[in-house]
Number of protein chains: 2
Amino acid sequence: MAVYQHNTRILVALDCIIFGFDGESLKLLLIKRNFEPEYGKWSLMGGFLNDGEDLEEAAGRILYNLTGLRNNYLEQLQTFGTVYRDPVERTISVVYYSLVNIADQDVAAIQAHNASWISLDSKPALIFDHDQMVTVALQRLRYKAALHPIGFELLPSKFTVPQLQKLYEAIYGTQLDRRNFSRKIMATDLLLSTGEKDTNSVTKKGQLYTLNSDRYRKYLDGYYTFLPELAELSGT
Amino acid sequence: MAVYQHNTRILVALDCIIFGFDGESLKLLLIKRNFEPEYGKWSLMGGFLNDGEDLEEAAGRILYNLTGLRNNYLEQLQTFGTVYRDPVERTISVVYYSLVNIADQDVAAIQAHNASWISLDSKPALIFDHDQMVTVALQRLRYKAALHPIGFELLPSKFTVPQLQKLYEAIYGTQLDRRNFSRKIMATDLLLSTGEKDTNSVTKKGQLYTLNSDRYRKYLDGYYTFLPELAELSGT
DNA sequence: CAAAAACGTGTGTTTTTGACACAATTCTAG
DNA sequence: CTAGAATTGTGTCAAAAACACACGTTTTTG
């Protein structure tokens, strides 16, 4: 087999940023490392690209190992490649982010990896450039969720409108008007009524909806400003 | 120096998608290869990541070699990493896209690389997965240009509103209403009047504006729907 | 059974969009 | 040197969307 001459081959890692939502706050699945390097510190879940493995496939494998979940929302975020980002050896890292329904997790797999769900508010410092990765991922999540209905990926298959609103409020760290939010979401025709009510609620039980997946796919292609009030320019 | 054991090191390439605008149509700077592999075929400008070189730095180097330009708009698009994308040897490619003012190019450097500006409409087939890269880049450009004022990067420092409109029409392949477009752009306060007029125009000479760079930077952070009519869902 | 908490729907005002009219500038043809 | 064609600049108005609030309903708790 022919090869390219005179060019350095380097390590290719993958890191996964795994978002979840517990009904109150946005969470990350992080690992307290019980292995080297950086034993004892917190990091993202990661691994190396194998021979004969596509990038997307490798990201899926890493996600599956940790959560037991397949077919989640998984999107390439960005590749990080400054020279000394990994002090052990030069390594570039292709970072993916994933949105999972926290209820579907494989608790045993998570414990086996010494991982836990941490609120973004109380996130510890992470190794290498993983903090920067999380920052970029959160930006991307905010960006995409304002224009595409990907928030549903973080909710159970049946959910109420107020739950969805709490999710958006957690993602953006703001308060939204309940009535306008409801009208906006309903206008998309993305929700299918199940007729059931949320039995977990303490007070009035909200109506449970499921996602209209045909319409969902269409909304992923185009874009729709779900939350115009979030478009505000940061500097003004 | 410690190293990670048992993991394959692979080649990391970079490819650059270089967009330009000639006043009529959106163009790509493509290379007719006079070197192996795939001698004689068309491809993107690319290269390999060097030791001691950041990814962003490498992309900038490749762009500079071809165009003689630095400090252009340069953004990482995505990393392509299916196993057999390069038949010579497994290689992942970190792809960047760049927006350049076509008037600033270094003609000698471009000729030396056997490159030319090709309209997107008449783009030849490219090697490997470069066609797919271009498709993704165009999607990204359309996405970003609808929400951030990055179109200006493709224009000369002084430009008229009709020129800007022609650019948007080329990016999206549609016709826009002149009067509504003007109102929308003016409302952003992004344009600074120079008092001069466009002497190249054949008929009525339009007013030349420059970009208000302070406001420009703010618009890059947040988002603003420059062209709401482009939000239409592809499937409906 | 009264109060508190959360849910669901409605209404009016303001802002933005989208469609279109008209006047002004500049070159060219006769 | 003037009429007409092409293009640029500004304005108007109706419809749609966004925004700010009001009110009634459901359910648990004390």
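Quick caveat, the model's predicted, so the values are computed rather than measured.
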Atom [atom1] of [X] and atom [atom2] of [N]: how far apart are they, to the nearest Å?
| X | N | atom1 | atom2 | result |
| --- | --- | --- | --- | --- |
| A/Arg178 | C/dG8 | CZ | P | 9 Å |
| A/Asp198 | C/dG8 | CG | C1' | 15 Å |
| B/Arg179 | C/dA19 | CZ | P | 11 Å |
| B/Leu227 | C/dT16 | CG | P | 16 Å |
| A/Phe181 | C/dG8 | CZ | P | 12 Å |
| B/Arg183 | C/dA19 | CZ | P | 11 Å |
| A/Glu229 | C/dT14 | CD | C1' | 15 Å |
| B/Leu176 | C/dT17 | CG | P | 14 Å |

B/Val161 or A/Lys205, whichever maps to the more 5' nucleotide of DNA chain D = B/Val161
query = How far does CG of B/Leu99 sit from CG of B/Leu167, to the nearest 0.5 angstrom?
reply = 9.0 Å
Would you tabulate the side-chain donor-acceptor contacts of residues 142-154 of chain A under 3.5 Å, counting partners in other chains and residues two or more places apart, or write 'none'?
residue	atom	partner	partner atom	Å
A/Arg142	NE	A/Ile171	O	2.9
A/Arg142	NH2	A/Ile171	O	3.4
A/Tyr143	OH	B/His148	NE2	2.6
A/Lys144	NZ	A/Glu75	OE1	3.3
A/His148	ND1	A/Tyr219	O	3.2
A/His148	ND1	A/Leu220	O	3.4
A/His148	ND1	A/Gly222	O	3.1
A/His148	NE2	B/Tyr143	OH	2.7
A/Glu153	OE2	A/Tyr216	OH	2.5

Sub-4.0 Å heavy-atom contacts from residues 185-195 of chain B onto DNA chain C, ordered by number = none
message = Here's a test of your reading of the structure: between A/Asp177 and A/Lys204, which maps to the more 5' nucleotide of DNA chain C?
response =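 Mapping each residue to its closest nucleotide by heavy atoms, the 5'-most match is A/Lys204.
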ask   = With a 4.0 Å cut-off on heavy atoms, is A/Lys197 in touch with a base, just the backbone sugar-phosphate, or nothing at all?
value = sugar-phosphate
Taking the side chain as every heavy atom from C-beta outward, state whether [X] and [Y] have any pair of such atoms under 4.5 Å apart.
| X | Y | answer |
| --- | --- | --- |
| B/Asn72 | B/Ile18 | no |
| B/Leu55 | A/Thr82 | no |
| B/Leu29 | B/Met45 | no |
| A/Phe19 | A/Ile17 | yes |

task = Could you tell me whether B/Lys184 sits above the aromatic face of B/Tyr224, with NZ or CZ closer than 6.0 angstrom to the six-membered ring centre and within 45 degrees of the axis?
result = yes
request  = Report the base-pairing partner of D/dG30 (Watson-Crick or G-U wobble, both distances below 3.5 angstrom), or none.
outcome  =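 Checking every strand shown, D/dG30 finds its partner in C/dC1, with both distances under 3.5 Å.
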task = Decide yes or no on side-chain hydrogen bond (donor to acceptor under 3.5 Å, both in side chains) for A/Ser93 and A/Asp15, but give the supporting numbers first.
result = CA-CA 7 Å; A/Ser93 175; A/Asp15 289 296; 2.6 Å; yes
inquiry  = Taking any atom closer than 4.0 angstrom to a non-hydrogen atom of chain B, what span of DNA chain D does the protein reach, first nucleotide to last?
reply    =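 Both ends considered, the range comes out as D/dA6 to D/dG11.
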request  = Could you check A/Thr194, A/Val161, A/Leu164, A/Ile185 and say which one makes a side-chain contact (heavy atoms from CB on, under 4.5 Å) with A/Tyr209?
outcome  = A/Val161
